[in-house]
Amino acid sequence: MSLVHWYLLIAAALWGIGCYGLIRGPELLRRIIALNLMGAAVFLVMVTLAARTEPADGVLHALVLTGLVVAVSATAFALALVARTLSEQA
Amino acid sequence: MNFALAAALLPLLAAVLALCWRRQAAWLVWLSTLFSLLLALAALWQVVTAGPTTMQLGGWQTGLAIRWQLNELSALLLLMTALIHSLVASYSLSQWRAAGLSADFWPLSALLQAALSSLFLSVDLFNWYVTLELLGLAAVALVLLSGKKALQAAMRYLLLSLAASLCYLLGVALLYGHYGWLDVPQLAVAISEHPVDHRLALWLITAGLMLKAALWPLHIWLPAAHAAAPAPVSALLSALVVKGPLFMLYMIWSQLAGPELVVTGSWLFLLTGSMALLAGGWSALRTPYAKVMVAYSTVAQLGYGLLALGLMLQLSDPVFTQALFLFVLAHALAKTSTFLAVGEMQLRLGGKRLSTFRGASQTMPLAMFAVAVAGGSLIGLPPSGGFVAKWHLLLPLWQHSQLWWLLPVILAGTLLSAAYIFRLVVLAFNRAKPVSPDFAPALLPQWLALLPALLVWMLAFASGALLSWLGG
Amino acid sequence: MMAWLGGVLLMLGLLFFLAGSFGVLRFPDVFSRLHAVTKADTLGLGFIVLGLGVLQQDWQRFLLMLLIWGLVMLSGTISCQLLGQYGRDQTRDHEESAE
Amino acid sequence: MSGDFWFDALLGVLLLVLALATIQARQLAAAVMLYVVFGLMLALAWARLGAADLALAEAAIGAGLTGALLFSALARQPKSITPPVRAGKMAPLAALMLCISMGTVLGWTLWQLPLQPAHSQLPAALEQLGSSGTEHLVTAVLLNFRAWDTLLELLVLLLALLGTRLVAAPEPAALQHWPLARQWSIRLLPLLVLVAFFVLWRGATAPGGAFQAGALLAAALVVLRLNGQLPMLSFGAWWVRALILAGVLAFLLAGLLSLWLNWQPEQAVQWLSWPLPLAKGLILLIELCATLAIGLTLTLLVVGERKELTA
């Protein structure tokens with residue numbers, strides 16, 4: 001039960017929670033948060049895989065950094081869409 | 001490889017310049033699509049004469065750098081992207097003031113072309129993730145161009161597209177965890193050396209890509225999004241955006257799947273393909289709205305692609321690869337022409353329902369002719385490209401008697417597609433609704449809508465060259 | 001000797017953090033909760049910084065932690081003030097609507 | 001039982017509890033706040049797993065800016081929300097079973113992953129690090145080995161901004177500006193700008209870089225904008241557009257320059273391969289432009305083009 005296995009299990013659980021939130025979450029905002037949780041789970045898997053080698057695998061860290069910025073811009077776009085749909089309803 | 005690099009970078013440069021000088025954006029992007037068409041032709045010619053080449057981006061060795069691979073297949077797909085973009089750009093240029101298409105269309109469509117070109121050229125798993133995300137965001141932004149009515153459809157499209165990208169990324173992370181390679185050919189070598197059970201990674205990647213390509217069970221977002229988008233945008237979406245993930249599915253399943261996984265995968269694609277044909281055709285038959293019908297026809301026609309992929313995996317016969325990419329080419333041209341013509345008629349005659357097309361053959365004969373010719377290729381009538389693709393799908397099936405049940409399915413699919421195309425064409429020959437005397441729609445947009453239909457109609461004459469390029 | 005001193009300082013800091021969070025849970029209204037959070041936690045952080053400084057014997061890092069503590073203190077007080085003003089406006093609007 | 005074990009165990013459990021609480025929280029405001037805390041704990045997890053760059057980026061972008069985005073979306077949430085937007089079509093029990101099975105299958109597969117990776121790009125990357133123009137591996141991978149990914153990623157950020165401008169929602173209620181907040185943001189500005197450019201400069205030799213620096217810059221600009229101390233940043237103004245496009249333009253120009261510099265008549269061309277003597281300078285130039293572009297883009301994503309109502 002090393003550090004790597006523990007964080008991989010946490011990532012698997014996070015993925016499950018994120019999927020549940022995406023499927024069930026009533027409000028749109030909650031589904032976007034659930035998407036971010038799923039993203040966090042995937043990045044946790046990648047960073048834990050990078051931590052297996054002694055000097056942590058910088059290539060994977062760069063990939064996760066790219067993924068993080070992509071996730072933020074996608075979230076910003078989704079939130080702008082949610083804000084517009086909500087103000088249309090009001 | 002230089003021409004292919006130029007063909008991929010030109011739309012990128014055009015998009016950035018279009019954002020700087022917003023008044024000349026239209027001309028700038030239109031010229032860039034034409035130039036990239038010429039460059040793509042030159043790239044194809046270079047590949048045919050000098051053979052396939054690869055390029056390591058940045059000059060580093062294989063595992064570290066992103067690798068671009070230019071063979072006949074990717075050159076042909078690059079040419080298809082450039083051709084469809086130049087057709088749609090010229091159509092939009094000819095009537096965007098009338099249709100009220102906002103000026104943001106131009107940088108977004110140029111970015112879409114750049115994303116697609118770099119997707120077709122690259123063979124790096126993580127680079128595919130970034131291009132896939134770029135493709136998804138550009139498509140959602142383009143759908144939003146038609147304002148308030150597209151909000152709901154775009155929201156659902158964006159959420160599902162983000163979830164699909166995350167599934168794909170998780171699959172890629174697992175593969176990198178097992179084998180340590182991101183480069184697909186190198187990964188295939190690593191898998192063949194000491195195979196490890198990576199089924200979940202492949203299923204995650206397949207689920208993500210099937211959702212992105214709107215393949216049958218995960219197609220729910222497509223009809224609303226493609227129908228709500230303006231005509232040139234829905235042409236781009238149906239013809240090109242859904243083909244990117246389909247190309248990735250082919251590349252991944254043909255190289256990374258182990259022998260026993262290929263069998264299960266092929267059965268999955270065969271079943272989903274058949275269901276796509278039947279369910280897509282049936283929904284297209286029953287919907288009262290014209291653009292929704294054309295969108296469901298995309299879902300149905302993608303069924304042929306799935307069948308070709310499934311058969312290629314099961315019988316490992318290269319003729320099915322030819323059938324798959326012939327279908328991709330033929331469907332792209334036919335669907336562009338159909339969406340442009342239907343959009344033009346909807347704009348001029350006003351109204352979304354099929355009843356507005358009553359008597360369209362008298363009021364707008366040219367656009368109606370385009371729909372009929374493109375419909376012929378969708379059904380698969382000779383000598384259109386659709387016929388050549390279906391022919392190369394059916395011919396080898398006769399020898400393999402264990403897949404007998406596919407023949408009635410394809411027959412039923414063809415009948416359904418004939419039904420929903422003629423449903424529109426028959427309406428056009430009824431007596432036209434009274435039209436104001438000065439009703440004279442511009443002819444240039446209708447001619448531009450007819451052009452891809454004529455191109456796909458003559459595809460059979462070019463099938464010899466196409467077949468030899470597609471791995472004959 | 002230094003390790004023992006550092007340990008005591010860290011325990012003190014932990015104590016103040018616990019007191020602060022306990023205060024947030026138990027206090028009745030907004031203002032007392034704000035009071036508990038900003039005062040106790042800032043002091044707790046100060047003790048932790050001192051404790052780590054004693055344990056670490058690295059002056060450059062200790063100064064860095066002091067800068068962090070200063071920033072936390074500043075931003076803590078400012079946000080406490082703003083939340084307090086916001087709380088006062090809310091309660092006043094509430095009372096006006098209640099009459 | 002080493003001390004680390006308890007720290008990891010607690011952090012892991014805390015991450016899960018926060019994630020569950022975010023999904024199950026009744027009010028949306030509580031869900032957003034819990035998510036921001038989750039983002040900070042995640043930054044701690046990155047630091048614990050030896051990814052200092054990611055801890056910086058997660059804290060600045062993941063918890064900070066995503067939190068600001070969520071709060072601004074929350075501000076536009078109409079208070080009188082009618083019955084919650086139709087809950088997921090799937091019954092709660094079925095969704096729960098599906099997610100639990102997905103989690104266990106994923107957990108079981110992750111458990112099979114080898115502890116020592118069969119092959120990784122690390123040795124190759126470390127040995128090429130010398131000729132990449134920077135000493136820090138992550139910056140070398142981002143701006144030299146896989147520079148094409150970073151260019152596409154800057155495009156994704158630009159695209160998100162273009163898409164957001166298409167759906168610009170009408171502004172929430174006018175903000176009243178507290179004098180205390182205005183004073184504090186003025187004092188905070190020089191510190192944030194200094195730290196941002198320090199993080200950018202350090203990116204060449206230690207964790208840091210364009211994205212973290214851009215996020216810090218965006219934080220400073222957002223605070224100023226919310227306090228009304230900054231002129232209205234509209235995409236229409238040419239200098240705003242020039243700055244936003246600076247990152248992508250710098251990349252393209254550097255790529256074209258390096259294409260022209262190492263052009264041999266019939267040898268195959270290498271896109272985005274920086275000639276060695278120029279590598280360090282080019283990378284720094286690109287990082288500087290990318291920082292400005294990311295900072296302004298993230299600001300416009302968070303604040304939007306708010307028409308300033310009150311003085």
To the nearest 0.5 angstrom, please state how far the [atom1] atom of [X] sits from the [atom2] atom of [Y].
X      : Y      : atom1 : atom2 : answer
B/L169 : A/M46  : CG    : CE    : 5.0 Å
A/E88  : B/K149 : CD    : NZ    : 13.5 Å
A/L60  : B/Y176 : CG    : OH    : 5.0 Å
A/L81  : B/Q152 : CG    : CD    : 10.0 Å

Looking only at non-hydrogen atoms, find the nearest pair between [X] and [Y] and report the distance.
X      : Y     : value
B/L137 : A/F77 : CD2-CD2, 3.5 Å
B/A173 : A/V45 : CB-CG1, 4.3 Å
B/G177 : A/R52 : O-NH2, 3.2 Å
B/L166 : A/V42 : O-CG2, 4.0 Å

- Query: Does atom CZ of B/R22 have more than 12 heavy-atom neighbours, drawn from other residues, nucleotides or ligands, at distances under 6.0 Å?
  - Reply: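 Above 12, so yes.
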
- A/V70 side chain reached by B/Y129 side chain, heavy atoms, under 4.5 Å: yes

- Item | chain A contact via B/L162 - side chain, backbone, both or neither, heavy atoms under 4.5 Å |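 Both backbone and side chain.
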
- Item | Heavy-atom contact with chain A under 4.5 Å, split by part of B/L144 | side chain

- Query: chain B: which of A/V82, A/V59, A/L35 shares the most heavy-atom pairs with it under 4.5 Å?
  - Reply: A/L35

- Message: Is A/L22 in contact with chain B via its backbone, its side chain, both, or neither, using a 4.5 Å heavy-atom distance?
- Response: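 The side chain, not the backbone.
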
